[in-house]
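Note: hydrogens, waters and symmetry copies are ignored here, and every other heavy atom, side chains too, is used. Here the structure is a predicted model, which is why all the values come from computation and not from measurement. Convention: sequence-line order gives letters A, B, ...; per-chain numbering from 1.
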There are 2 protein chains.
Amino acid sequence: MSYSIGQVAEKLSISPYTLRYYDKEGLLPFVDRNQAGRRRFKDNDFNFLEVIICLKEAGVPVKQIGTFIDLCMTGDTTLQDRYDFLSEHEAKLEDKMARLQHTLDFLRWKKWYYKTALQAGTEQIHYLPGTNHVDPAVHAEFDKLVADGADPKALGNLAEGRAKA
Amino acid sequence: MSYSIGQVAEKLSISPYTLRYYDKEGLLPFVDRNQAGRRRFKDNDFNFLEVIICLKEAGVPVKQIGTFIDLCMTGDTTLQDRYDFLSEHEAKLEDKMARLQHTLDFLRWKKWYYKTALQAGTEQIHYLPGTNHVDPAVHAEFDKLVADGADPKALGNLAEGRAKA
DNA sequence: ATAGAATCTAGAGCTAACTCTAGGTCAAGC
DNA sequence: GCTTGACCTAGAGTTAGCTCTAGATTCTAT
């Protein structure tokens, strides 16, 4: 079974332009061509494409993905290098996810901040009296709610479906 | 207390160039200037900067951060808009983190793939006999280990510190 | 008073990752 | 046989987000 660039693009939800760009950058050395010079992807090629897409999603620059693919084409002598490459990017991804978790926490506290302001009708309830500066105690209050077991994701939600009878 | 652009840059680990760029893009309308036209950041400005940095980390484009800051400057009439904005980006961030978790899972399975290949000395142990195509059963084997309670993060780790006595 | 450092603006330059255009080749259906 | 659409390459264009340069202040420390 073999596939045209259009079929692969369709299947992976990537544009053919992008696939050709990847090829130009050396990411697709494993792809065959037919007599007319057109790319023919094999079933096994999807294993490589899966790795490429994974590394892209992990935030690895195209050039570095290229060096990884080079290692793959070289053979068993590069197994350790490939392992190390993946380990490195696993660690980076873990870091990134930890940072994003902090970002999410912050977003949720701010949502709660606006939820409570909305309920009061004004942001001023969060200001130090007589100023337009946020009272640090407001954040502390939120932290306390979380420490006391509240779900940070739910705390900021406006109860819209509360109208019942 | 007020701070120069250099001091703020230092404190936030951002370059002054970037801060000026943000200002140019309308992200810092709240920053005062002294008689000489130099920016003077107030303590309260760090609340805004914290939000800007959070949104950036969440992947929100600079232009959209600008519209959020505009809402902030407008006053209580925009509280609902600000809430909705944060809700939207909370949802997007949750999606992204779910995708990154899948990416991380994939990276870990590939690490295990290379760990076992390294231990065998060749990648061929994962190929269908007589081919250089990966045997789909290999991935299934990994999935089974995980289903049986193994830690996916630990499974791919080479036990380097095993030399003891 | 003055040298050196920090700041200002406007605008040019840079990089990554596409995205598209132009001009040509090739395969399938009428 | 001919048209239509997918494909090819080379290379130009685009966008976001910085990053830097030039030339002119302004502040700080001796």
Side-chain angles (χ1 to χ4, degrees), chain A residues 1-42 45 48-49 51-69 89 92-93 96 99-100 103, chain B residues 1-42 45 49 51-69 89 92 96 99-100 103:
Chain A
M1 208 52 203
S2 92
Y3 309 85
S4 72
I5 195 171
Q7 290 170 319
V8 174
E10 173 79 10
K11 219 180 268 227
L12 302 181
S13 307
I14 298 181
S15 83
Y17 295 142
T18 304
L19 281 170
R20 289 193 201 100
Y21 162 68
Y22 287 166
D23 199 4
K24 216 185 296 192
E25 294 296 309
L27 268 57
L28 312 180
F30 48 82
V31 177
D32 293 338
R33 302 287 183 125
N34 66 12
Q35 326 84 304
R38 300 193 170 182
R39 294 173 186 83
R40 301 307 318 187
F41 292 74
K42 303 174 292 302
D45 294 350
F48 286 107
L49 289 167
V51 171
I52 289 169
I53 289 167
C54 164
L55 293 175
K56 245 184 45 73
E57 179 79 24
V60 181
V62 166
K63 271 189 179 134
Q64 287 185 48
I65 299 178
T67 67
F68 181 78
I69 296 291
H89 290 291
K92 284 189 177 169
L93 186 48
K96 182 194 225 159
R99 281 202 314 282
L100 287 181
T103 301
Chain B
M1 209 50 202
S2 91
Y3 310 84
S4 71
I5 194 170
Q7 291 170 318
V8 174
E10 173 78 8
K11 216 178 268 224
L12 303 180
S13 307
I14 297 181
S15 84
Y17 295 143
T18 303
L19 282 170
R20 289 194 201 98
Y21 162 69
Y22 288 167
D23 199 3
K24 216 185 298 194
E25 295 295 310
L27 269 55
L28 313 180
F30 48 83
V31 176
D32 294 337
R33 302 287 185 123
N34 67 10
Q35 326 83 305
R38 300 195 167 181
R39 295 173 185 82
R40 301 308 318 187
F41 291 74
K42 304 174 293 300
D45 294 350
L49 290 166
V51 171
I52 289 168
I53 290 166
C54 163
L55 293 175
K56 245 184 44 72
E57 179 79 25
V60 181
V62 167
K63 275 193 177 129
Q64 287 185 48
I65 299 178
T67 67
F68 181 79
I69 297 291
H89 289 292
K92 284 189 177 168
K96 183 193 223 159
R99 281 203 313 282
L100 287 181
T103 301

Atom-to-atom span, [atom1] of [X] to [atom2] of [N] - whole angstrom:
X	N	atom1	atom2	value
A:I5	C:dA27	CD1	P	16 Å
B:Q35	C:dT7	CD	P	16 Å
B:I53	D:dG17	CD1	C1'	15 Å
A:L19	C:dA17	CG	P	16 Å
B:Y3	C:dA6	OH	C1'	19 Å
B:K63	D:dT15	NZ	P	9 Å
A:N34	C:dC26	CG	P	10 Å
A:D23	D:dA10	CG	P	11 Å

* Tell me, yes or no, whether the heavy-atom count around A:E25 atom CD, taken from other residues, nucleotides or ligands under 6.0 Å, exceeds 12. =>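 Check passes, neighbour count above 12.
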* To do: May I ask you to check whether over 12 heavy atoms, not counting those of A:Q64, lie within 6.0 Å of atom CD?
  =>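 Yes, because the 6.0 Å sphere around CD of A:Q64 holds more than 12 heavy atoms from other groups.
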* Counting any heavy atom closer than 4.0 Å, what does B:R40 reach on the DNA or RNA strands: base, sugar-phosphate only, or nothing? ->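 No contact.
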* Asked: When all nucleic acid strands are considered with a 4.0 Å heavy-atom cut-off, which category describes A:S4: base, sugar-phosphate, or nothing?
  ->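 The answer is sugar-phosphate, as A:S4 gets under 4.0 Å only of primed atoms, P, OP1 or OP2.
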[X] side chain, from C-beta outward: closest of [options]:
X	options	value
A:V62	D:dT9, C:dC18, D:dA16	C:dC18
B:Y21	C:dT7, D:dC18, C:dC18	D:dC18
A:Y17	C:dC26, C:dC20, C:dC18	C:dC20
B:P61	D:dC18, D:dA10, D:dG17	D:dG17

Between [X] and [N], is there a side-chain N or O to OP1/OP2 distance below 4.0 Å?
X	N	answer
A:K24	C:dA16	no
A:Y22	C:dC18	yes
B:T18	D:dG17	no

* Asked: Checking only heavy atoms, does the side chain of B:R20 share a donor-acceptor pair with the base of C:dT7 at less than 3.5 Å?
  ->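 No such pair is found, so the answer is no.
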* **B:K42/B:D32 salt bridge by N-O under 4.0 Å criterion** =>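 Salt bridge between B:D32 and B:K42, a charged N being under 4.0 Å from a carboxylate O: yes.
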* **Side-chain donor or acceptor of A:T103 paired with backbone N/O of A:R99 under 3.5 Å** =>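 Yes, the answer is positive, given that a donor and an acceptor are paired below the 3.5 Å cut-off.
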* **Rounded distance (nearest 0.5 Å) linking atom CZ of B:F41 with atom CG of B:L28** =>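 The CZ atom of B:F41 sits 5.5 Å away from the CG atom of B:L28.
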* Asked: In terms of the nearest nucleotide of DNA chain C, which residue is placed more toward the 5' end: A:A36 or B:R39?
  ->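 In this pair, the answer is B:R39.
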